[in-house]
Amino acid sequence: MPKPESEPMNDSVNIFQEYRHRIIAAVEAAAAAGALPAGLDTSRVSVEPPREAAHGDITTNAAMVLAKPAGMKPRDLAVVLAERLAALDTVAGVDIAGPGFVNLRLKQSVLYAQLVQVLKAGPAYGDTTLGAGAPVNVEYVSTNPTGPLHVGHGRGAVVGDALAGLLEKAGYAVTREYYINDAGAQVDALAWSVGFRYLQALGEKISEETFEGSCPQGQLQYRGEYLIPVGRALMEKFGDSLAIKDEDGAFELPAIDEWLPKVREFAIDAMMDLIREDLAALGVRQSVFSSERQLAGRGAVEEALEFLKERGLIYQGILEPPKGKTPDDWEPREQTLFRATRFGDDVDRPVRKSDGSWTYFATDMAYHLDKYRRGFKIMINVWGADHGGYVKRMRAAVKALTGGEGELDVKLCQMVNLTDDGKPVKMSKRAGTFVTLRDVIDKVGKDVVRFIMLTRKNDAHLDFDLTQAQEQSRDNPVFYVQYAHARCRSVLRHAAEEFTSEELAPRSLARAKLGRLADPAEIELIRTMAQWPRMVEGAALAHEPHRIAYYLQEFAGRFHALWNMGKDNASLRFIATNDRELSLARLALVQGVAFVIASGLKVFDVEPVEELR
RNA sequence: GCGCCCUUAGCUCAACCGGAUAGAGCAUCGGAUUUCUAAUCCGAAGGUUGCAGGUUCGAGUCCUGCAGGGCGCGCCA
């Protein structure tokens with residue numbers, strides 16, 4: 001019984017996935033018919049777009065992968081498969097090539113149907129159900145709340161945010177989370193640094209050197225001017241009640257207990273406000289902010305360690321010094337240790353400091369247990385590359401705390417090399433030329449920052465040139481992609497002179513005579529569109545949002561090429577004179593291109609522009 | 001010394017679960033174009049994928065060793 005040709009295309013977006021099912025069905029049917037052995041393992045069968053357009057639309061390695069278990073030569077097996085696949089009503093031709101690739105050429109109607117899908121779905125094209133609603137926690141930024149974000153933080157923020165967007169598009173239930181490191185020594189140092197600004201706000205002419213001499217070693221760590229308003233705000237709220245006068249009548253800080261907790265809390269709040277502003281300026285929206293201090297305060301660390309202790313994973317022991325490079329002050333010490341080695345780490349890790357307080361790692365374990373208990377089996381953390389040495393122990397901890405149920409992936413972001421017209425921008429705080437993330441956003445715009453941060457793999461160094469980021473030229477990837485979208489919109493605006501808005505509505509364009517799209521460049525563009533859902537799934541599975549940026553650049557390139565062809569050859573222009581049918585088919589294509597670009601930019605939360613200024 | 005990451009065209013980088021002749025952009029070279037489909041276009045050349053082995057029908061991709069670069073290495077976060 002023949003099936004209607006268009007029917008199967010409507011319930012599946014990723015045509016490669018769809019044909020994978022069909023190819024495996026063909027293997028099974030061949031087995032049932034006795035042409036192949038039964039029960040072949042098809043898990044390694046891949047179905048992909050071929051690299052060479054000449055190889056057709058879809059290629060599979062099935063014959064090569066199955067040859068050995070089937071006890072057949074790859075090409076013999078390919079013949080069996082090819083015969084069955086050739087019988088599919090959407091297949092125009094089958095070739096066997098190279099060592100045993102089976103290449104399918106699809107009827108063009110399949111590609112047109114794909115364009116119809118794009119027009120019907122709009123920017124939602126490429127949304128998949130891959131994740132099946134599974135909860136995923138993406139934790140990113142998570143800095144100490146001690147100052148404004150710098151450019152490196154910005155990269156982590158964008159990578160995390162885009163990864164979250166990507167996973168959402170792929171059908172996961174994503175929570176975007178920030179872990180506030182508001183406990184520990186760093187925020188105490190922040191409190192001291194704010195205390196200094198507070199005394200200044202009270203009118204004390206106190207120098208950094210003097211204050212430094214009067215406070216514990218190394219506590220005046222944060223000397224940036226951004227703390228001056230915090231000191232002033234502290235004075236406005238508390239007056240001089242947090243200070244006392246010495247015998248000369250000068251203000252100084254009293255005993256630690258009397259001022260530091262209050263100042264610390266105030267300062268942390270102020271810094272988090274600052275950070276949230278930076279994140280907002282970057283368009284990063286995290287919905288959960290977890291406080292390390294609160295977590296520890298409610299006994300979560302004790303709970304997590306008790307959990308591990310019951311399983312024999314906590315013990316008192318003495319670590320070996322690191323081989324080859326023993327620290328000068330090394331002396332063997334008994335510590336409370338977590339058996340990280342049992343879960344793949346190199347050494348067991350301490351959970352308690354000698355003063356009895358928890359290590360950062362201990363609190364982080366509690367935090368990840370907390371995430372797991374909130375329902376997240378898939379956790380992703382985005383960290384700076386300098387935390388690379390911490391990955392193994394944290395993954396070990398997650399395994400231990402979740403009984404192997406939880407999976408932690410850590411994306412390490414390499415440094416950002418900020419330059420301006422090729423010259424390095426000095427990032428020195430001391431020289432007063434410190435460039436914050438906010439400075440960069442204000443200069444080039446959030447969408448530019450977001451896109452450029454994603455033009456490299458997270459674990460590769462990234463060069464960010466302020467001048468190039470603002471250029472309107474081919475060198476600037478953001479511009480290049482945005483320009484493609486703007487060109488599409490421009491064509492559609494022009495089309496409104498000849499067509500009604502009803503005719504130009506996507507749902508109307510979906511009924512255009514798409515068979516009129518016959519130029520190879522047009523077909524190639526549709527073919528690239530058809531790969532978009534697969535691209536989303538692949539990038540989501542690999543947790544690699546940068547792939548989207550590359551796809552968009554390539555796709556935009558193909559569109560620009562088609563546009564340029566119309567410059568030389570007027571018959572290839574999108575709006576054809578005296579041929580409304582052809583114009584509408586091409587406008588459908590143009591609208592489809594705009595949707596796919598919008599769909600991709602949406603993953604990055606970058607706004608597609610209607611026109612360029 | 002140990003662990004993790006990186007090494008691909010002159011430069012900056014891609015390469016989807018191991019697939020076919022390793023791809024883009026810039027720069028270089030050769031053409032086109034003086035304009036409105038705005039902020040060029042087309043083409044060429046460019047490679048022992050750091051080195052040496054191994055696994056595989058097939059390796060940039062996986063394994064082992066080596067070299068170079070980065071990060072980290074008991075109570076910093």
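Letters A, B, ... mirror the listed sequences (proteins, then strands); counts begin at 1. Worth knowing before you read on, the calculation uses all heavy atoms, side chains too, and leaves out hydrogens, waters and symmetry mates.
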Phosphate OP1/OP2 of B:G74 contacted by A:R333 side-chain N/O (<4.0 Å):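 Negative; the distance criterion is not met.
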[X] [atom1] to [N] [atom2]: how many Å, rounded?
X	N	atom1	atom2	result
A:M415	B:C6	CE	C1'	14 Å
A:H387	B:A77	NE2	C1'	6 Å
A:D348	B:C73	CG	P	18 Å

So [X] and [Y], would you call those rings parallel, tilted or perpendicular, with 30° and 60° as cut-offs?
X	Y	result
A:Y179	A:Y367	parallel
A:Y390	A:F361	perpendicular
A:H387	A:W383	tilted

Step-by-step salt bridge (Lys or Arg N to Asp or Glu O under 4.0 Å) determination, A:R395 to A:E407: CA-CA 8 Å; A:R395 286 172 60 95; A:E407 186 61 42; 3.5 Å; yes
Stems where RNA chain B pairs, listed by first number, each of three or more Watson-Crick or G-U pairs under 3.5 Å: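 Ordered by first number, the stems with RNA chain B (at least 3 consecutive pairs each) read B:1-7 with B:67-73, B:10-13 with B:23-26, B:28-32 with B:40-44, B:50-54 with B:62-66.
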Which nucleotide in B:G74, B:C71, B:A39 has an atom nearest any side-chain atom of A:L319: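 Nearest to the side-chain atoms of A:L319, counting from C-beta on, is B:G74.
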Candidate nucleotides B:A39, B:A77, B:G74, ranked by approach to the side chain of A:K567 - the nearest: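 Output: B:A39.
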Measuring only the [atom1] atom in each nucleotide, how far is [N] from [M]? A whole number of Å is fine.
N	M	atom1	result
B:C5	B:G10	C1'	26 Å
B:A38	B:G23	C1'	30 Å
B:U8	B:U28	P	22 Å

Glycosidic conformation of B:C17, taking syn as within 90° of 0 and anti otherwise: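 You should classify B:C17 as syn.
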Per-nucleotide protein contact string for nucleotides 10-16 of chain B, where B marks a base within reach and S marks sugar-phosphate only (heavy atoms under 4.0 Å, - for neither): --SSSSB
Inter- and intrachain pairs under salt bridge (Lys or Arg N to Asp or Glu O under 4.0 Å), touching residues 61-75 of chain A, at least two apart: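 Counting only pairs at least two positions apart or across chains, no salt bridge (Lys or Arg N to Asp or Glu O under 4.0 Å) contact touches residues 61-75 of chain A.
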Please list, for nucleotides 2-4 of chain B, all pairs of protein and nucleotide N/O atoms separated by less than 3.5 Å.
| unit_1 | atom_1 | unit_2 | atom_2 | d |
| --- | --- | --- | --- | --- |
| B:G3 | O3' | A:K392 | NZ | 3.2 |
| B:G3 | O2' | A:D346 | OD2 | 3.4 |
| B:G3 | O2' | A:K392 | NZ | 3.3 |

Nucleotide N/O of nucleotides 67-69 of chain B paired with protein N/O under 3.5 Å:
none

Partner residues of A:E524 under the salt bridge (Lys or Arg N to Asp or Glu O under 4.0 Å) criterion, sequence neighbours left out: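 Salt bridge (Lys or Arg N to Asp or Glu O under 4.0 Å) check on A:E524 returns A:R527, A:R558.
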[X]: which residues meet the ring pair (Phe, Tyr, Trp, His ring centres under 6.0 Å) condition with it, sequence neighbours left out?
X	value
A:H21	none
A:F16	none
A:Y315	none

Earlier contact from the 5' end, RNA chain B, for A:E320 and A:R487: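 Here A:R487 is the residue nearer the 5' end.
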A:F574 vs A:D386, nearer the 5' end of RNA chain B by closest nucleotide: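 Closest to the 5' end, via its nearest nucleotide, is A:F574.
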side-chain contact (heavy atoms from CB on, under 4.5 Å) against A:A362, all qualifying residues, sequence neighbours excluded: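 Residues passing side-chain contact (heavy atoms from CB on, under 4.5 Å) with A:A362: A:V301, A:V351, A:W358, A:T359.
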All side-chain contact (heavy atoms from CB on, under 4.5 Å) counterparts of A:P545, not counting sequence neighbours: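 Once residues adjacent in sequence are excluded, the partners of A:P545 under the side-chain contact (heavy atoms from CB on, under 4.5 Å) criterion are A:A162, A:L163, A:L166, A:L454, A:F604.
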Please list, for nucleotides 55-57 of chain B, all pairs of protein and nucleotide N/O atoms separated by less than 3.5 Å.
| unit_1 | atom_1 | unit_2 | atom_2 | d |
| --- | --- | --- | --- | --- |
| B:C57 | OP1 | A:K68 | NZ | 2.4 |

Ring centers of A:F574, A:F559 separated by less than 6.0 Å: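 Yes; A:F559 has its ring centre under 6.0 Å from that of A:F574.
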